[in-house]
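I have placed the structure first, in the form of structure tokens, so that the comments after it can refer back to it.
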There are 2 protein chains.
Amino acid sequence: MQVKYPALLQSGFAIYQQAGKHGKLCLIIYNLQARLPMTPETIKVACSNCNLRELCMPVGLNRDELQKLDDVVANRRKVAQGEPLYRNGDPFTSLYAIRTGFFKTSVSSEDGREQVTGFQMAGEIIGLDGITSDRHNCNAVALEDAEVCVMPFANIEHLSREFPVLQRHVHKIMSREIVRDQGVMLLLGNMRAEERLAAFLLNLVQRLHARGFSRSEMVLRMTRDEIGSYLGMKLETVSRTFSKFSEENIIEVKQRWVKILQPEALKKIFNPDSCN
Amino acid sequence: MQVKYPALLQSGFAIYQQAGKHGKLCLIIYNLQARLPMTPETIKVACSNCNLRELCMPVGLNRDELQKLDDVVANRRKVAQGEPLYRNGDPFTSLYAIRTGFFKTSVSSEDGREQVTGFQMAGEIIGLDGITSDRHNCNAVALEDAEVCVMPFANIEHLSREFPVLQRHVHKIMSREIVRDQGVMLLLGNMRAEERLAAFLLNLVQRLHARGFSRSEMVLRMTRDEIGSYLGMKLETVSRTFSKFSEENIIEVKQRWVKILQPEALKKIFNPDSCN
DNA sequence: CAGGATATTTGACCTGCATCAATGCACCTG
DNA sequence: CAGGTGCATTGATGCAGGTCAAATATCCTG
């Protein structure tokens with residue numbers, strides 16, 4: 001068996017050349033991470049060969065477990081920019097793991113005021129809000145063209161009865177969301193505009209960095225209005241606060257593009273005690 | 001078999017007189033709800049004969065399931081007023097079902113600002129914040145003498161692998177907390193002081209009413225400061241807003257005692273469209 | 001590439017709530 | 001029951017951020 005395209009190895013895949021039936025040569029794509037050859041099925045939709053796996057799935061699974069885990073994902077779904085993945089009131093059937101793209105989730109009061117409850121990126125799980133009432137309790141809208149893995153919740157519950165490690169993982173994801181939401185409550189209830197925006201920028205760039213992007217530069221996927229809605233302030237205040245940070249040489253801003261020049265200064269604004 | 005104390009029936013229990021061993025007469029306490037006679041064990045700590053069961057446990061279980069469910073509760077724990085049930089950073093081992101009393105949960109920023117994230121009463125489950133990191137991520141403090149059922153999370157996970165209905169229930173409870181938190185985010189991000197307080201009072205009295213208390217009167221268990229921390233406003237503003245509602249004859253207030261005179265007016269403040 | 005729609009920035013002004021301060025009320029304890 | 005302590009109320013004043021408005025910048029589409 002001969003390895004073709006050695007340069008591909010660092011991506012986690014290898015392509016072997018092998019004699020197939022009838023003496024023909026054929027290529028086998030081999031997933032190094034999962035230690036599995038890839039069949040048409042695993043190529044179609046498979047966690048076992050997904051490079052985001054560490055972000056949305058439990059770690060430390062063996063081959064068999066990994067292969068079974070592929071069953072939680074029913075299929076993939078593309079969502080165009082501006083389109084909802086689900087809306088408040090939609091029947092709940094599945095959780096979604098974001099493969100590519102960027103989402104916002106929001107709730108709104110009866111009289112139409114919108115509160116953005118979060119921004120989600122690749123590897124994050126959305127849809128947890130729907131479990132209580134079998135209907136979604138918020139809206140999830142793609143801020144750029146996106147693709148998600150559809151994970152029917154019935155599958156998740158079924159498999160997590162079989163795999164304690166998956167069960168624990170699901171619980172952790174939900175608990176993490178609760179803790180995150182309570183952090184936002186702290187932000188909204190106690191912090192001033194500058195502190196909120198500093199926290200927001202630090203959080204965003206940290207999550208992007210964990211996905212292999214720069215730790216200082218980013219292109220925001222959301223409008224000033226959406227940032228403001230998330231942080232409980234008006235879009236003008238968001239813009240002014242950006243400008244203020246910029247004047248102080250803490251960041252550089254040009255519309256949606258933001259570069260953090262002094263991360264320490266941002267941390268100090270967010271938490272004055274952190275630098276002692 | 002002869003029913004003694006018929007007046008007791010409406011409480012959900014019956015006491016029968018029966019001939020026991022050696023010809024002696026003995027009394028059997030019978031739980032009508034669970035359709036189980038009560039053994040010394042079930043009297044000690046048992047969900048099957050707990051009148052809060054509908055609040056914290058799944059409904060529609062049969063006898064056997066109910067009896068097994070009793071195993072999730074390891075023991076009970078009393079918490080005196082002002083004492084923490086757990087603190088931020090404590091190792092996470094268990095969820096707690098509140099039997100009696102009243103709690104607040106809070107997170108705080110490094111520089112000491114506190115955000116109350118919720119108030120919890122009988123039948124509600126606390127501790128979910130600890131699952132992500134195996135350490136608690138907030139503080140839970142009793143606002144009055146309280147008693148909780150300690151449910152080791154290992155027991156819960158073990159049993160919910162066996163009982164899909166329990167598994168689903170746990171998921172729903174966590175999802176409900178996520179949805180609740182997002183509602184608070186809406187409150188904090190978009191509402192004005194009067195709207196926040198109106199929403200707070202309506203929510204509180206509704207939950208108390210679901211537990212058999214008045215739908216219009218209540219005694220607040222928390223200080224103005226704690227209400228303010230929860231609602232993202234200063235205690236003076238809380239007090240002023242109470243006074244304003246009182247002047248408008250929407251409520252009657254005397255310190256911690258509150259009577260809602262015009263629930264419709266409160267609903268209208270909270271949501272101006274709700275009365276059309 | 002014109003022209004319109006949408007997003008962002010900036011300025012001027014205003015208001016809801018915070019802040020500071022004093023007083024009042026309820027409850028506890030010696 | 002006097003005096004202390006913690007909590008609640010109320011008043012006076014200030015300011016962070018909201019509101020309104022106008023100018024730019026960017027993007028989309030025919």
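Heavy-atom basis, side chains included; hydrogens, waters and symmetry copies ignored. A note on names: the letters A, B, ... follow the listed sequences, proteins ahead of strands, and every chain is numbered from 1. All values reported here derive from a predicted model rather than from experimental measurement.
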What pairs with A:Arg87 under side chain to side chain contact (heavy atoms under 4.5 Å, CB included), at least two apart in sequence or on another chain?
A:Pro84, A:Asp90, A:Asn139
From CG of A:Asn190 across to P of C:dA18 the rounded distance in Å is 11 Å
Inspect the contact between A:Lys244 and A:Glu248 and indicate whether a charged nitrogen and a carboxylate oxygen are less than 4.0 angstrom apart.
yes
In terms of side-chain geometry, is the basic nitrogen of B:Asp134 or A:Lys172 positioned less than 4.0 Å from the acidic oxygen of its partner?
yes
Give, ordered by number, those residues of residues 222-230 of chain A having at least one heavy-atom distance below 4.0 Å to an atom of DNA chain C; if nothing qualifies, reply none.
A:Thr223, A:Arg224
Rounded distance (Å) that lies between atom C1' of C:dT8 and atom CZ of A:Arg256:
10 Å
Side chain to side chain, A:Ile269 and A:Ile250, heavy atoms closer than 4.5 Å:
yes
Quickly work out the A:Phe242 CZ to C:dT10 P distance and round it to whole Å.
12 Å
Can a salt bridge be assigned to the pair B:Glu195 and B:Lys268 using a cut-off of 4.0 Å between side-chain N and carboxylate O?
no
I'd like to know if B:Glu177 and B:Arg180 make a salt bridge, using a cut-off of under 4.0 Å between side-chain N and carboxylate O.
yes
Starting from P on C:dC17, measure out to NZ on B:Lys244 and report it in whole angstrom.
10 Å
Does the distance from a Lys or Arg side-chain N to an Asp or Glu carboxylate O, for B:Glu226 and B:Arg221, drop under 4.0 Å?
no
Are B:Phe119 and B:Tyr230 close enough that their ring centers fall under 6.0 Å?
yes
Protein-to-nucleotide contact annotation, 5' to 3' order, nucleotides 14-30 of chain D [B base; S sugar-phosphate only; - none; under 4.0 Å, heavy atom]:
---SSBB-----S----
Whole-Å distance, A:Leu143 CG to C:dA7 C1', equals 14 Å
Can you tell me the distance, in whole Å, between the CG atom of A:Leu220 and the P atom of C:dT6?
21 Å
